[in-house]
Amino acid sequence: MAPVRLHATAFTHQGAVRVANEDTIAVGDWITSEPMAAPVVLEHTVAAPLICLVADGMGGHAAGEVASRTVAEHLARRAAEAVDEAALAALLRDADAELFALMQEQPAWRGMGTTVAGISVGPKRVMAFNVGDSRVYRIDEGALVQLSTDDTPGPKLADGRTAAMTSNLVTQSLGGAYQPAGIEPHVVSEPLANGARYLICSDGLTDLVDRTAIEETIDRDDIASAQALFEGAMAQGGDDNISLILLRIRQDA
């Protein structure tokens, strides 16, 4: 079997208004919340499932940055267990449980929470996952196809995944308010395809830059595209943390 190679261009920033960055981004075991001056490029040869994600710590809640970092580290540490959709959903539920255990240990962190969205890349399949309103798109010849499902109140568009209107509220998250019934992670899988491209991003991008503008911005240069998407969000006020990862998958014969 030809080796699977992952090319990731990653960026995170606190934006123009927020004092701190509560977002965390991860590509494999590379994890950061530090605001960046420019996108970074990371490359991996994938022999076992590898997770790339954006976790958006819940603004206005205690220790959102702790929640997003904890979830990123949890999923990176256990990525090899994500062998199918059920196993990946179980990892997300375990990450949720870890946040509530931390809140019991640290009362100052009670109420902390995070959304998460990402891609698990394996030798044969790709799985997109999310809890909350951070998003995963497949990029098909410049057009965006949303793979994540927005956990927001109100109606969805015809695709059933995309919120019909922007909302600051989420109907589920990791951590945050206790939900007796637990969370229902969204996980979808598709065959690994040579040349496939994906965008993972927080709502700090999608609330300010609409789908058409994102499609018009993304081109063949991922570094320039990531920088331009960030600048587009900043031009619209940059009132939230802004995080994104552009992924390319190669499987060379």
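Between Ala95 and Leu174, the shortest heavy-atom contact is CB-CD1, 4.5 Å. Cys52 approaches Leu6 most closely through the heavy-atom pair SG-CD2, 3.6 Å. The two residues Val131 and Gln172 have their closest heavy-atom pair at CG1-CG, 3.9 Å. Taking both residues in full, the closest heavy atoms of Ala8 and Leu247 are given as CB-CD2, 3.5 Å, listed atom of the first, atom of the second, then distance. Across all their heavy atoms, Met58 and Ser173 have their closest contact at SD-OG, 3.5 Å. Shortest non-hydrogen contact noted between Ala79 and Pro49 is O-CB, 3.3 Å.
Judged purely by atom type and a 3.5 angstrom limit, Arg211 uses its side chain to pair as donor or acceptor with the backbone of Leu144. A donor-acceptor pair is defined here as one N or O able to donate and one able to accept, closer than 3.5 Å; no such pair exists between the side chain of Thr217 and the backbone of Ser225. The main-chain N or O of Val136 is found under 3.5 Å from a side-chain atom of Ser148 such that the two form a donor-acceptor pair. No donor-acceptor distance shorter than 3.5 angstrom exists from the side chain of Asp140 to the backbone of Ala143, with no hydrogens or angles considered. Under a 3.5 Å cut-off, the side chain of Asp203 and the backbone N or O of Thr206 do not form any donor-acceptor pair.
For the pair Val54 and Leu244, the minimum side-chain heavy-atom distance is 4.5 Å or more. At least one side-chain heavy atom of Ile139 sits less than 4.5 Å from a side-chain heavy atom of Leu246. Looking only at side-chain heavy atoms (C-beta outward), Asp133 and Asp207 stay at 4.5 Å or farther from each other. Considering only heavy atoms from C-beta on, Gln146 stays 4.5 Å or farther from Leu157 through its side chain. Residues Asp96 and Gln179 form no side-chain contact, since every pair of their non-hydrogen atoms from C-beta on lies 4.5 Å or further apart. At a threshold of 4.5 Å between non-hydrogen side-chain atoms, the residues Phe129 and Val116 count as touching. The shortest distance between side-chain heavy atoms of Val121 and His44 does not fall below 4.5 Å.
Sorted by first and then second residue, the ring pair (Phe, Tyr, Trp, His ring centres under 6.0 Å) pairs involving residues 71-103 (not counting sequence neighbours) are Phe100-Tyr178. Applying the ring pair (Phe, Tyr, Trp, His ring centres under 6.0 Å) definition to pairs two or more places apart or across chains, those involving residues 2-29 are Phe11-Phe230, His13-Phe230.
If you take CG on Leu208 and CG on Asp240, they are separated by 7.5 Å, rounding to the nearest 0.5 Å. Rounded to the nearest 0.5 angstrom, Glu231 CD and Ile242 CD1 are separated by 10.5 Å. Interatomic distance, OG1 of Thr149 versus CZ of Arg135, reported as 10.5 Å (0.5 Å rounding). Once rounded to the nearest 0.5 Å, the distance linking CD of Gln251 with CZ of Arg5 reads 10.0 Å.
A salt bridge links Arg69 to Glu73: at least one charged side-chain nitrogen sits closer than 4.0 Å to a carboxylate oxygen. Using a 4.0 Å cut-off between a side-chain N of Lys or Arg and a carboxylate O of Asp or Glu, Arg93 and Glu184 qualify as a salt bridge. Checked for salt-bridge contact, Asp159 and Arg161 miss the test: no charged N lies under 4.0 Å from a carboxylate O. For the pair Arg77 and Glu98, the salt-bridge criterion is met [side-chain N within less than 4.0 Å of a carboxylate O].
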Donor-acceptor pairs are to be reported for all side-chain atoms of residues 27-42 against protein atoms at under 3.5 Å, with residues two or more places apart or in another chain.
| unit_1 | atom_1 | unit_2 | atom_2 | d |
| --- | --- | --- | --- | --- |
| Thr32 | OG1 | Glu34 | N | 3.1 |
| Ser33 | OG | Asp23 | O | 3.2 |
| Ser33 | OG | Thr24 | OG1 | 2.7 |

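When the side chains of ILVMFWY residues are joined at heavy-atom separations under 4.5 Å, either directly or via intervening members, Val170 and Leu53 end up in two distinct hydrophobic clusters.
No hydrogens or angles considered: nothing links the side chains of Glu22 and Asn241 as a donor-acceptor pair under 3.5 Å.
If you run side chain to side chain donor-acceptor pair (under 3.5 Å) between His186 and each of Asp150, Asp151, Asn130, only Asp151 comes through. Paired with Ser243 under the rule side chain to side chain contact (heavy atoms under 4.5 Å, CB included), one option of Leu205, Thr12, Asp56 passes, and it is Thr12.
For Asp221, the CG atom sits in a packed shell: over 12 heavy atoms of surrounding residues, nucleotides or ligands are nearer than 6.0 Å.
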